[in-house]
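One structure is given here, and the rest of the page talks about it.
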Amino acid sequence: MKERYDFKTIEPKWQTRWADQKIYAVPDAADKPKYYCLEMFPYPSGKLHMGHVRNYSIGDVVARYKTMQGFNVLHPMGWDAFGLPAENAAIKHGAMHPAQWTYENIATMREQLKQLGISYDWDREVATCHPGYYKWTQWLFLQLYHQGLAYKKKAAVNWCPSCATVLANEQVKDGGCERCKAVVERRELEQWFFKITDYADRLLDDLEKLPGWPDKVKIMQDNWIGRSEGAEITFTIDGMDESMTVFTTRPDTVFGVTYMVLAPEHPLVEKLIEGKPQAEDVRKLAASVRHQSELARTATETEKIGLFTGAYCINPVNGAKVPVLVANYVLMDYGTGAVMGVPAHDQRDFEFARKYNLPIRVVIQPEGVALNPDEMNEAYYGGGLMVNSGHFDGTPNEDGITAVTRYLDEKGLGHGLINYRLRDWLISRQRYWGAPIPIVYCEKCGTVPVPVQDLPVMLPMDVAFTPTGRSPLEEHAAFANATCPTCGGQAWRETDTMDTFMCSSWYYYRYTSPRDEDNAWDPASVRYWLPVDQYIGGVEHAILHLLYSRFFTKVLFDAGLVDNEEPFTNLLTQGMVLKDGTKMSKSKGNVVSPEDIIATYGADTARLFILFAAPPERDLEWSVQGVEGCYRFLNRVWRLVEPLGDSLAGVPLPGPGKMSGVNGEMRRVTHVTIKRVTEDVGNRFNFNTAVSAIMELVNALYQYREVPEMDRDRGVMKEAVETLVVLLAPFGPHIAEELWEVTGHAESVHSMPWPAYEPEAIQEDEVTIVVQINGKVRERMLVPANIKPDEMKELVMQQERVQELIAGKQVVKVIPVPGKLLNIVVK
RNA sequence: GCGGGCGUGGCGGAACGGCAGACGCGCUGGACUUAGGAUCCAGUGGGGCAACUCGUGGAGGUUCAAAUCCUCUCGCCCGCACCA
């Protein structure tokens, strides 16, 4: 026997055999219940990092466990393969095409995943940059287009003046370019959008249909959607044939308006200031705001700057004439880009009014106290009766909200409205390495969608990567010039590509029929597999990816293309992998590479440690010693099981029923372990405690081995050892498979059924209970396990020691907790 | 500012409101050994010779019983952030 188990031989041996025998290939339908286990597919950035290892180890335990439980498990893997880093790499090392870079990375990472022994059905692998995939991404775009959910409009985008290119929002960090740190500017460009805002309400309401999602994620989405109820009110501009509309959540305070504010970019601003002395200053402010907008967001408290436009508004409810200002704190892209100023009841307005000496007018009066504007230190948000509000005076302000809204509606001055923070999804990217938007522009016919039969719109490979900032597609004449699909005339192609989030928002459908050339997916397959039963990934996707996926699913549902309204029934967001208390990063030099760990300790050790060191949703601190501990444990298992060889092969397992003595105790531990591991993996995803349960079984087996041979039962030994190997299989698939073979089994351990514990075997005749006096542990005693509470009381009270302890005291109460303890309350 | 999460031995972490610290690391001792940084066995929260006693960030509270529930508070982490 070798001192250490030879993972370097064992792991490749089984990886090859599993692949040859395709034991993880899953048929589309079976008489078994289905289970779709999905981990977020990676961007092929180069090599796997520990976060990937964690993500995929967790998923693999779930997939293997469910398979052993008798489910038909879909467990696929693919690549989120379009994206900016590939293009950057191409620009950096001129010779390398993004496709080459991407496919090489995919090859490396696929190999690493295989080395980890993850049970993927590789026949279903997809890569979003493959024409066979992005054809259907384009098809999806057309679905949205034909449903009126895709539209084009001019929009401000992030522009990096140094890279001379547009940046996606996610590439802007702290107002600067992610790559070169230059300050990002805003530019206006024609862009494609998806009307995700049409689905805002459903995306919000249906969060309630997701009990299997962490509250944290649901709250984040809730905040992101940002629904708020209120009213739009229109104010006319004094002396002009113009008006401005504001959104407010407090229509009950409309009588308290003392000024109005427009966002500096608001189109009305120019009309108001034209020819007025303050025009230049206002324009200057507008220019500076437009320039700083991204940066300003990061400043904790940007100073509020306001300027008078020279114009006045008429308050429609009381005819009051109030000044119209322009201020940097009003955002153009929320609400109407204009607000009413009610300093008495809004803190921001209050501070603004004080700064610029604008009047403060109290219109909500709390009971008993009279608010005096001159003496107020802050805005009043509490309830009260409406005052200074015409015929609404005396109305409780909560009722005033609806009353005023109804009044505005009747008079045609406004109406109730629900506003959202959620913006439409900008999907245009001025990028090469992405799926082309399937649109052509014809001089005669205008915007024309590419017909489905002409898909895919192929991304040309023969492009030049010069860092001009212009997309290589714009410069590619053969691509950019097109004929109109409708009239056959001269046309040009849309040269923007799609946001990669589009590619990743539907891939879980494609896995169900990944090679279908005639459909994005086979409806029957989707009906069978969807929704995803368990989705696993990092919390960094809590909003964008998960929200977009939910949006697509609802759109597809409405189009009758899928039957599920939500894509992911259960969501597990795993924590980060840390080293020295912080996230691993190259700059900090604290990166632990998976390949080193696999080379030194093997994949099973790496997996085991990562599952054992912390519960999955919590951050995990990497520890070399912890890894060694897991390695030691696997060796301990090896030394226990391997020497047995097939000596137990013909031994019959113990029949059901209770055994006595050491054998009964060993059986009890075996079955308790089954129970614990089943509950920890199946119900709670607490893999760390599942692993410790298995460790305890091993410890018990070492003890059992010390028992004289004549007192031991070989059937009990066999049952314990086989249970150990089977329970270990999802965590350390290679070592378990090898030991399974060594102990004389022909079939794969991964096709074994998950064991069920025998309730009778875990029952104990006697249990130790704790005797407490006034809640403090004073004594322990052995009592029959099935003792009745009254009998237990009696038994305990008779005890000499207990009598001593309560001597001279008055027993007030005795609380028996069957099987656990008895608390005697004395005075 | 708003929202969410987390504070338990030297460390990672366990504990349906019921024996705090499972399991692992580390440490201590022993066995085996030419050797041990391998392995096996035992011990290991603090204080005390002991009976005991103190202990889950802090302060209150509910309860026969609180790491767990409630209130306040401190510290750290994450998300959103002028949202009208």
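In what follows, every chain begins at residue 1, and chains take the letters A, B, ... in the order their sequences are listed. The shown structure was predicted, so the numbers you read here are calculated from the model rather than taken from an experiment. These values consider heavy atoms only, across backbone and side chains, with no hydrogens, waters or symmetry-generated copies.
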Report yes if at least one side-chain N or O of [X] is closer than 4.0 Å to OP1 or OP2 of [N]; otherwise report no.
X: Arg639(A); N: C40(B); answer: yes
X: Asn699(A); N: G24(B); answer: yes
X: Arg636(A); N: C41(B); answer: yes
X: Arg778(A); N: U53(B); answer: yes
X: Asn223(A); N: C2(B); answer: no
X: Arg632(A); N: G26(B); answer: yes
X: Arg705(A); N: C40(B); answer: no
X: Gln625(A); N: G37(B); answer: no
X: Arg421(A); N: C80(B); answer: no
X: Lys216(A); N: G5(B); answer: no
X: Tyr702(A); N: C40(B); answer: yes
X: Arg676(A); N: A22(B); answer: no

G-U wobble or Watson-Crick pairing nucleotide for [N] (cut-off 3.5 Å, both distances):
N: C76(B); result: G5(B)
N: G12(B); result: C23(B)
N: A51(B); result: none
N: G17(B); result: none
N: G36(B); result: none
N: C69(B); result: G61(B)

With ring centroids as reference points, do Phe352(A) and Phe350(A) lie under 6.0 angstrom apart?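 No, too far apart.
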Can you name the one residue among Leu268(A), Leu262(A), Val261(A) that meets side-chain contact (heavy atoms from CB on, under 4.5 Å) with Val324(A)?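 Considering Leu268(A), Leu262(A), Val261(A), a side-chain contact (heavy atoms from CB on, under 4.5 Å) with Val324(A) is found only for Leu262(A).
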What distance, rounded to whole Å, do you find between the two P atoms, one in A84(B) and one in U8(B)?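 Per the computed distance, 38 Å lies between those P atoms.
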Spacing of the C1' atoms in C27(B) and G12(B) (rounded, Å):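 Result for the C1' pair: 16 Å, nearest Å.
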Please work out if Val825(A) contacts a base, only the sugar-phosphate, or nothing of the nucleic acid, heavy-atom cut-off 4.0 Å.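 Val825(A): backbone/sugar contact only, no base atoms under 4.0 Å.
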Indicate, with a heavy-atom threshold strictly under 4.0 Å, whether Asn688(A) touches base, sugar-phosphate, or nothing.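 Counting heavy atoms under 4.0 Å across all strands, the contact made by Asn688(A) is with sugar-phosphate only.
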Does the distance from a Lys or Arg side-chain N to an Asp or Glu carboxylate O, for Arg250(A) and Asp252(A), drop under 4.0 Å?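 Salt bridge flag = yes for Asp252(A) with Arg250(A).
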Any Lys/Arg nitrogen of Glu351(A) or Lys355(A) sitting under 4.0 Å from an Asp/Glu carboxylate oxygen of the other?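 The answer is no: the pair does not qualify as a salt bridge.
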Could you tell me how far apart Lys776(A) (NZ) and A66(B) (P) are, to the nearest whole angstrom?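 For the pair Lys776(A) NZ and A66(B) P, the rounded distance is 10 Å.
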Would you mind calling G30(B) syn or anti? Take O4'-C1'-N9-C4 for purines or O4'-C1'-N1-C2 for pyrimidines, and syn is within 90° of 0.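 Anti, since the glycosidic angle lies more than 90° from 0.
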